[in-house]
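Shown below is the structure under consideration.
Naming convention: chains lettered A, B, ... in sequence-line order (proteins, then strands); numbering from 1 in each chain. Just the heavy atoms: all of them, side chains too, but no hydrogens, waters or symmetry mates, feed the values below.
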Amino acid sequence: MAAVTVRLPDGSTREYAPGTTARELAESVGPRLARAAVAASFDGDLVDLARPLIDGTEVAVVTADSAAGRDVLRHSTAHVLAQAVLRLWPGARYAIGPVIEDGFYYDFELPGRAHFSDDDLERIAAEMRTIVAEDQPFVRHEHTIEEGLGLFAEQPFKREIIEAVGAGTDEVDAAAEGAATGQVSTYWNSPSFTDLCRGPHVPTTGRLGHFALMRVAGAYWRGDEKRPQLQRIYGTAWESEKALAEHLHRLEEAERRDHRKLGAELDLFSFPEEIGSGLPVFHPKGGLVRRLMEEYSRQRHAAAGYEFVATPHISKAELFETSGHLDWFADGMFPPMELDGGQQYYLKPMNCPFHVLIFKSRQRSYRELPLRLFEFGSVYRYEKSGVVHGLTRVRGMTQDDAHLFCTREQMAGELHETLTFVLSVLRDYGLEDFYLELSTRPEDKAVGTEAEWEEATETLRTTALAMGLELVLDEGGGAFYGPKISVQAKDAIGRTHQMSTIQLDFQTPQRFGAEYIGADNARHQPIMIHRALFGSVERFFAILLEHYAGALPTWLSPEQVRILGVRDDHDAYAGEVADRLRSDGVRVGVVPADEKIGARIRRAKVEKIPYILVVGDADVAAGTVGVNRRGSEGDRRGVALDAFAGELAAEIAERRLPEAASDRPPG
RNA sequence: GCCUGAGUAGCUCAGUCGGUAGAGCAACGCACUCGUAAUGCGUAGGUCAGGAGUUCGAUUCUCCUCUCAGGCUCCA
């Protein structure tokens, strides 16, 4: 047979004897590459290192420290997890074990419908280490559908996957398991363990080991609430002990920034049990931050031509029948209150029907359009008990909600202006890294015709593309009344949060019979654009808190400056400094010298106050202050009070953001 | 709503194989008068989430409820 010729990623070509494997290729390139290799890719398709080279393909060696390589490690570790569980729970059924961001999971059904407990994780991890030490090979086999069904006769979940592959009914599995070939592949580890899998895998289990099992959870088979709930184990795996440790450290960092923890530590808000789940109260400092957020928002909205409205929290049932909410989302609403005459009232889950009624309150002319109505509107949604989460998923919240009414001709321009406005305001709060997501018609829940949806979706797409930001498609993710664009923002530690949404709605004006008189003297239906910028004040508060790890920019800090006299005979001067700054509108606190200066500085640091001013003998004599700025090394002594005040006033007026949204860990 | 855990002082946590509890920090009092991340001593603080059951006796064991955490499902 002729030699096989392959191209390498650097463009060079090499010849090998027929039957040469990817592993042998790696070895021929260099021993270090061979050691780092976990898989290979042939023309971009990931394959095992044991796969023979194919003539004319481009071959790349996949190393453990690449994204694709980590996926291979994680997938292989998931197999080891399944093998360990089957050893410890003979007769367990195993379902699927895919790779997810930063790790993997595997779903099981244990004999006698038993459950994993947290303590089991340690036993399972120990068994996994044994399997790693055994250095078992991952041996690939191809089977027909019938052979596959026979192999997994005792494994109903595997059989279901194989049947779906055979029937080509499940696109996801078909792609994953290779339906195009009408075959399934398996990986054999030991006489006692074979798993259905497309692969590739590392050559042997000995290649693994830098993993941690994170938690156990219940998860529905196929993600379907109506199907059996399986036992899921989440784990993470990395190419080295160092990479694993770094990952665990990142998790700790996220935990340190958790807004629920910061909210308690900084005395911003709490969730009194007596009030109920998902119903927060804001304490004075949190209330102040919230007010500052809202004030700046109002200021920007006023400047952008929005008009402020106010609407009640409850309404007759008919309003939500007209809007369609009772048809589609009654489950998400609090149950109705019934009055004497049998009239039912609901807490409002949204503000839009109220704003439509304001539009409809009198005859409208095209000359009034676009009409932009804005409100900080409190809404109540009955979130299921298991989903309530801190300030990000609550049962009562305040939306910064606006509804824009415009003509069809104005629609594109309004969308563009709105998106520009939204991004500009978000940037002022310190979020700067964005991409856009376009959500299209949901399959089951939707009102309106295909044509209307198509037109609305296209308009949104055009607007989004004009922003020059990355646009991601979210198929079927729209609301029941229209498609939407959402702004996704990355925070300081790289997590993505869905921020503002802009939704087009042809339906609500129709349902409510909202009309305006056009230049042609005829009645027309306005286009309605729903728009929330923060989403909810509560959620935005949480995101900002986590983004800044509690160290809010000076303009948003509840206490901007704390003044400390060195001795108690400096307290009078500290008071004068405070009065001077307060006259500029600065929020100042003074703590008298009944504790050592070091202790009071520490307290102020723990409270993440942007500026600590220390004043002593020299300052009293010279009219100066010692400036200790949050996040900077050391302090500046003998700064003239006027100079500091001027600099601070400028920082606040410009809403300057901190250079880095990180701070020193306490202690 | 479902699965797995958890709830002990304001916070972080220890403890009780069933005999009603303890530390550090915080709070309060006294002393210390001090120049950039914790001065010392003392005092007070708990229906051991709530309810029911078993028991001579329950914070501890059982059941129910509430709340929280991590997932699943959901998220107009």
* **Separation between the C1' atoms of B/U43 and B/A37, rounded to whole Å** =>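 The answer is 27 Å between these two C1' atoms.
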* Report the residues that fulfil side-chain contact (heavy atoms from CB on, under 4.5 Å) with A/Glu576, sequence neighbours left out, ordered by chain and then residue number. =>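 Per chain and number, A/Glu576 pairs via side-chain contact (heavy atoms from CB on, under 4.5 Å) with A/Tyr573.
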* **Any residue meeting salt bridge (Lys or Arg N to Asp or Glu O under 4.0 Å) with A/Arg441, in chain and number order, not counting sequence neighbours** =>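 If we apply the salt bridge (Lys or Arg N to Asp or Glu O under 4.0 Å) test to A/Arg441, skipping adjacent residues, the hits are A/Glu450.
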* To do: Using only side-chain N and O atoms of A/His389, determine if any of them is under 4.0 Å from OP1 or OP2 of B/G70.
  =>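 For B/G70, OP1 or OP2 has a side-chain N or O of A/His389 closer than 4.0 Å.
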* How close or far is atom P of B/C11 from atom CZ of A/Arg256, stated in whole angstroms? ->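 Answer to the nearest Å: 21 Å.
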* List in chain and number order the residues that pass side chain to side chain donor-acceptor pair (under 3.5 Å) with A/Glu273, two or more places apart in sequence or in another chain; answer none if no residue qualifies. =>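 With sequence neighbours excluded, A/Glu273 shows a side chain to side chain donor-acceptor pair (under 3.5 Å) to no residue whatsoever.
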* What does A/Ala219 touch in the nucleic acid at a heavy-atom separation under 4.0 angstrom: a base, only the sugar-phosphate, or nothing? ->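 Here A/Ala219 touches the backbone only, sparing every base.
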* To do: Could you tell me whether the side chain of A/Gln229 has a donor or acceptor atom within less than 3.5 Å of a complementary atom in the base of B/C72?
  =>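 No, no donor-acceptor pair under 3.5 Å.
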* Asked: When you compare B/C74 with B/G15, how far apart are their C1' atoms, in angstrom units rounded to a whole number?
  ->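 B/C74 and B/G15 have their C1' atoms separated by 41 Å.
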* Hey, which of these two, A/Asp619 or A/Val216, hits RNA chain B nearer its 5' end, going by closest nucleotide? ->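 Whichever sits nearer the 5' end wins; that is A/Val216.
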* Under the ring-ring contact (aromatic ring centres under 6.0 Å, His included) test, residues paired with A/Phe116 that sit two or more places apart ->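 So A/Phe116 forms a ring-ring contact (aromatic ring centres under 6.0 Å, His included) with A/Trp89, A/Phe108.
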* Within less than 4.0 Å of OP1 or OP2 of B/A69, is there a side-chain N or O belonging to A/Arg260? ->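 Answer is yes, contact under 4.0 Å.
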For nucleotides 41-50 of chain B, which of its nitrogen or oxygen atoms have a protein nitrogen or oxygen under 3.5 Å away, and what is each distance?
none

* Rounding to a whole Å, what distance do you find between A/Lys226:NZ and B/G1:P? ->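 Distance, rounded to whole Å: 16 Å.
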* Taking the side chain of A/Arg381 as heavy atoms from C-beta outward, which of B/A38, B/A76, B/G70 is closest to it? ->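 Closest of the options to the side chain of A/Arg381: B/A76.
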* Taking only Lys NZ, Arg NE, NH1 and NH2, and the carboxylate oxygens of Asp or Glu, determine whether A/Arg603 and A/Glu607 approach each other closer than 4.0 Å. =>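 Here A/Arg603 does not pair with A/Glu607 in a salt bridge, since their nearest N and O are not under 4.0 Å apart.
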* Asked: Which whole-number value in Å describes the distance from A/Asp635 CG to B/U36 P?
  ->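 These atoms are roughly 7 Å apart.
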* What interatomic distance, in whole Å, is found between C1' of B/U62 and the corresponding atom of B/U54? ->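 Pairwise C1' distance, B/U54 against B/U62, rounds to 7 Å.
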* **Value in whole Å for how far the C1' atom of B/U33 lies from CZ of A/Arg567** =>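 Taking atom C1' of B/U33 as the reference, CZ of A/Arg567 is at 7 Å.
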* Asked: Who passes side-chain contact (heavy atoms from CB on, under 4.5 Å) against A/Arg232, sequence neighbours left out?
  ->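 Expected list: A/Tyr105, A/Asp107, A/Ala219, A/Tyr234.
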* Asked: For A/Leu251 and B/A69, what is the distance between atoms CG and P respectively, to the nearest whole Å?
  ->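 Interatomic distance, CG of A/Leu251 to P of B/A69: 17 Å.
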Strictly under 3.5 Å: I want the nitrogen or oxygen pairs between protein and nucleotides 24-30 of chain B, one per line.
| unit_1 | atom_1 | unit_2 | atom_2 | d |
| --- | --- | --- | --- | --- |
| B/A27 | OP1 | A/Arg603 | NH1 | 3.4 |

* Distance, C1' atom - from B/G70 to B/C30, rounded to whole angstrom ->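 Rounded to whole Å, the distance is 47 Å.
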* **Partner of A/Leu504 under side-chain contact (heavy atoms from CB on, under 4.5 Å), chosen from A/Thr457, A/Leu415, A/Ile485** =>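 Checked A/Thr457, A/Leu415, A/Ile485 against A/Leu504; only one passes side-chain contact (heavy atoms from CB on, under 4.5 Å): A/Leu415.
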* Asked: Parallel, tilted or perpendicular: which fits the ring planes of A/Phe282 and A/Phe541, with parallel below 30° and perpendicular above 60°?
  ->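 Judged by the thresholds at 30° and 60°, the geometry between A/Phe282 and A/Phe541 is perpendicular.
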* Asked: Think A/Lys348 forms a cation-pi with A/Phe320, using NZ or CZ under 6.0 Å from the six-ring centre and within 45 degrees of its axis?
  ->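 Judged by the rule (NZ or CZ under 6.0 Å from the ring centre, within 45° of its axis), A/Lys348 is not positioned above A/Phe320.
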* **Any A/Tyr234 side-chain nitrogen or oxygen under 4.0 Å from OP1 or OP2 of B/C72** =>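 Checking B/C72 against A/Tyr234, a side-chain N or O does come within under 4.0 Å of OP1 or OP2.
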* To do: Grab the CZ-P distance between A/Arg232 and B/U73 for me, whole Å please.
  =>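 Checked: the CZ to P distance equals 7 Å.
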* **Integer angstrom distance from the C1' of B/U59 to that of B/C25** =>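 Rounded to whole Å, the distance is 24 Å.
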* Asked: Base, sugar-phosphate, or nothing for A/Arg393, non-hydrogen atoms under 4.0 angstrom?
  ->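 Since a base atom lies under 4.0 Å of A/Arg393, the category is base.
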* Could you tell me which residues satisfy salt bridge (Lys or Arg N to Asp or Glu O under 4.0 Å) with A/Arg637, sequence neighbours excluded, listed by chain and number? =>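 Counting only residues at least two positions away or on another chain, A/Arg637 forms a salt bridge (Lys or Arg N to Asp or Glu O under 4.0 Å) with A/Asp635.
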* Asked: Atom CZ of A/Phe104 and atom P of B/G71: how far apart are they, to the nearest Å?
  ->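 So the CZ-P distance, A/Phe104 to B/G71, works out to 16 Å.
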* To do: Looking at every strand, decide which applies to A/Gly386 at a 4.0 Å heavy-atom threshold: base, sugar-phosphate, or nothing.
  =>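 Touches a base.
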* To do: Check whether the side chain of A/Tyr382 and the base of B/G1 form a donor-acceptor pair under 3.5 Å.
  =>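 In this structure, the two groups form no donor-acceptor pair.
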* Asked: Looking for any heavy atom pair under 4.0 Å, which part of the strands does A/Tyr481 touch: base, sugar-phosphate only, or nothing?
  ->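 Sugar-phosphate: the residue A/Tyr481, judged by heavy atoms under 4.0 Å, touches backbone atoms but no base.
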* Per A/Tyr220 side chain, nearest of listed nucleotides B/C2, B/G70, B/G35 ->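 Selected nucleotide (nearest to the side chain): B/C2.
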* Asked: Quick one: is B/C66 close enough that its OP1 or OP2 comes under 4.0 Å of any side-chain N or O from A/Ser277?
  ->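 So the side chain of A/Ser277 is outside the cut-off, no N or O lying under 4.0 Å from OP1 or OP2 of B/C66.
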* Asked: Under a 4.5 Å cut-off applied to non-hydrogen side-chain atoms, are A/Asp505 and A/Pro509 in contact?
  ->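 Contact flag for A/Asp505/A/Pro509 side chains = yes.
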* Could I get the full list of side-chain contact (heavy atoms from CB on, under 4.5 Å) partners for A/Phe359, not counting sequence neighbours? =>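 With neighbours one apart ignored, the set is A/Arg364, A/Leu369, A/Leu371, A/Phe405, A/Ala514, A/Tyr516, A/Pro526.
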* Asked: What's the closest nucleotide to the A/Lys384 side chain, out of B/C34, B/G1, B/G71?
  ->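 So the side chain of A/Lys384 is nearest to B/G1.
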* Asked: What residues form a salt bridge (Lys or Arg N to Asp or Glu O under 4.0 Å) with A/Arg215, not counting sequence neighbours?
  ->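 Residues passing salt bridge (Lys or Arg N to Asp or Glu O under 4.0 Å) with A/Arg215: none at all.
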* Residue met sooner reading RNA chain B from 5', once A/Ala479 and A/Leu230 are mapped to nucleotides ->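 It is A/Leu230 whose nearest nucleotide is closer to the 5' end.
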* Treating a pair as Watson-Crick (purine N1 to pyrimidine N3 plus N6-O4 or O6-N4) or G-U wobble (N1-O2 and O6-N3) with both distances under 3.5 Å, list the stems of 3 or more consecutive pairs that involve RNA chain B. =>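 The stems that RNA chain B takes part in, listed by first number, are B:1-7 with B:66-72, B:10-13 with B:22-25, B:27-31 with B:39-43, B:49-53 with B:61-65.
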* Below 4.0 Å: OP1/OP2 of B/U36 and any side-chain N or O of A/Arg637 ->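 Yes.
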* Please tell me which of the listed nucleotides, B/A37, B/A76, B/G71, lies nearest to the side chain of A/Val606? =>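 So the side chain of A/Val606 is nearest to B/A37.
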* Asked: In whole angstrom, what separates A/Arg602's CZ from B/A38's P?
  ->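 After rounding, the reported distance stands at 7 Å.
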* Taking salt bridge (Lys or Arg N to Asp or Glu O under 4.0 Å) as the test, write out the residues that go with A/Glu559, two or more places apart. =>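 A/Glu559 satisfies salt bridge (Lys or Arg N to Asp or Glu O under 4.0 Å) with A/Arg562 only.
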